[in-house]
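Order of appearance sets the numbers: ligands from 1, and atoms from 1 within every ligand. Just so you know, residue 1 is the first one in the sequence shown, and it goes up from there.
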Amino acid sequence: MIEMHDIWKTYPDGTPALQGINIVIDRNEFVYVVGPSGAGKSTFMKLIYREEVPTKGQLSVNGFNIGKLKQRKIPYVRRNIGVVFQDFRLLPKLTVYENVAFAMEVVESPRRQIRRRTMEVLELVGLKHKAGSLPAQLSGGEQQRVAIARAIVNSPSVIVADEPTGNLDPETSWGIMKLLEEINFRGTTIVMATHNKEIVNTLRKRVIAIERGTIVRDQQRGDYGYEA
Ligand SMILES: Nc1ncnc2c1ncn2[C@@H]1O[C@H](COP(=O)(O)OP(=O)(O)OP(=O)(O)O)[C@@H](O)[C@H]1O
Ligand SMILES: [Mg+2]
């Protein structure tokens, strides 16, 4: 569960990115975050995975107070949150297998478990047969599926995806959405920022709309609400 109480974020240069956000996202929800460019969507996501800390307000993820987190607790909280980016961010010199396994190595999982779980998630995303390939040898959609495998390999309770279909063609985007829906169905909360009007209007979910740093709409089975 993610809870924000009167969250404000002002960047060091004085840019106000979020201004008084109040929100509760329950376990197992699938939420779209929409809004114009510069509205604060990525900032909202970065607070959840603690890439940024709030300037003011209370934020808790799975009961941990993120703003006041002790340094040694950060890895524990991060392990419980998988992140997916628009530009995939795979390590170019590592194979598909190594990219996914690496996420388990950094949290010091036992070796045997790493092998089993890595192959399991590669199978789930349909890329077991590409385990030995390098990212450059994959299509964009395949790279994003590797990134999703990496995000889920430690069985996080939340996946934060910032425009995961932003660099993909429409057909590939639908494939990624099916995969995210499957992951959600298996019990993972998904928070996804997107500009994809067609996806939001077709696969109806809760929609949180942010404009100029504030929530202007929060709707179950909502629509995109902007001209794409
Ligand atoms: N590191 C930073 N330092 C200063 N200002 C920033 C920083 N990151 C973002 N901003 C500013 O904060 C505001 C919100 O940016 P954010 O990236 O959250 O928007 P967004 O809704 O994700 O936009 P987009 O749809 O283009 O991705 C913008 O005015 C942006 O210029
Ligand atoms: Mg953004």
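Annotation: atom 26 (O) of ligand 1 to nearest protein heavy atom, Ser37 OG, 2.5 Å. Among protein heavy atoms, the minimum distance from atom 17 (O) of ligand 1 is reached at Ser42 CB, 3.6 Å. In terms of protein heavy-atom proximity, atom 15 (O) of ligand 1 is closest to Thr43 OG1, 3.9 Å. Closest to atom 31 (O) of ligand 1, if we only count protein heavy atoms, is Thr15 CG2, 4.6 Å. Protein heavy atom in closest approach to atom 27 (O) of ligand 1: Glu163 OE2, 3.4 Å. Of the protein's heavy atoms, Tyr11 CE1, 3.4 Å lies nearest to atom 9 (C) of ligand 1.
Under the 4.5 Å side-chain heavy-atom criterion for Ile, Leu, Val, Met, Phe, Trp and Tyr, Phe102 and Val121 are members of distinct hydrophobic clusters. Follow the hydrophobic side-chain contacts under 4.5 Å out from Trp8 and you never reach Ile208; the two are in separate clusters. Cluster membership check: Leu91 does not share its hydrophobic cluster with Val146, using side-chain heavy-atom separations under 4.5 Å among Ile, Leu, Val, Met, Phe, Trp and Tyr. Cluster annotation: Met1 and Met192 are assigned to distinct hydrophobic clusters (Ile/Leu/Val/Met/Phe/Trp/Tyr, side-chain heavy-atom contacts under 4.5 Å, transitive). Cluster annotation: Ile2 is connected to Ile74 through the hydrophobic network of ILVMFWY side chains, with a link wherever side-chain heavy atoms come within less than 4.5 Å.
For atom 5 (N) of ligand 1, the nearest protein heavy atom lies closer than 4.0 Å.
Contacts between Asp13 and ligand 1 below 4.0 angstrom, taking non-hydrogen atoms only, involve the side chain exclusively. Here Lys46 has no heavy atoms under 4.0 Å from ligand 1, in either its backbone or its side chain. Residue contacts with ligand 1 for Pro36 involve N, CA, C or O but no side-chain atom from C-beta outward (heavy atoms, distance under 4.0 Å).
Looking at Gly35 next to ligand 1, no N or O pair under 3.5 Å apart turns up. Considering backbone and side-chain N/O atoms, Glu52 never comes within less than 3.5 Å of an N/O atom of ligand 1. Taking any N or O of Gly40, backbone or side chain, at least one lies under 3.5 Å from an N or O belonging to ligand 1. Between Gly38 and ligand 1, an N or O atom pair is found at a separation short of 3.5 Å.
Residues passing the side-chain contact (heavy atoms from CB on, under 4.5 Å) test with Thr43 are Lys9, Tyr11, Ala17, Leu18, sequence neighbours excluded.
The only member of Glu123, Glu142, Glu120 that meets salt bridge (Lys or Arg N to Asp or Glu O under 4.0 Å) when paired with Lys128 is Glu123.
The minimum heavy-atom distance linking Pro164 with Ala193 is given by the pair CD-O, 3.7 Å. Looking at every heavy atom in both residues, Glu211 comes nearest to Ala39 through CA-CB, 4.0 Å.
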Begin with the C-alpha distance, continue with both residues' side-chain angles, and end with the deciding distance and a verdict on salt bridge (Lys or Arg N to Asp or Glu O under 4.0 Å) for Lys41 and Asp162.
CA-CA 8 Å; Lys41 301 181 297 296; Asp162 198 348; over 6 Å; no

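In summary, an N, O or S atom of Ser42 is located under 2.8 Å from the Mg ion (ligand 2).
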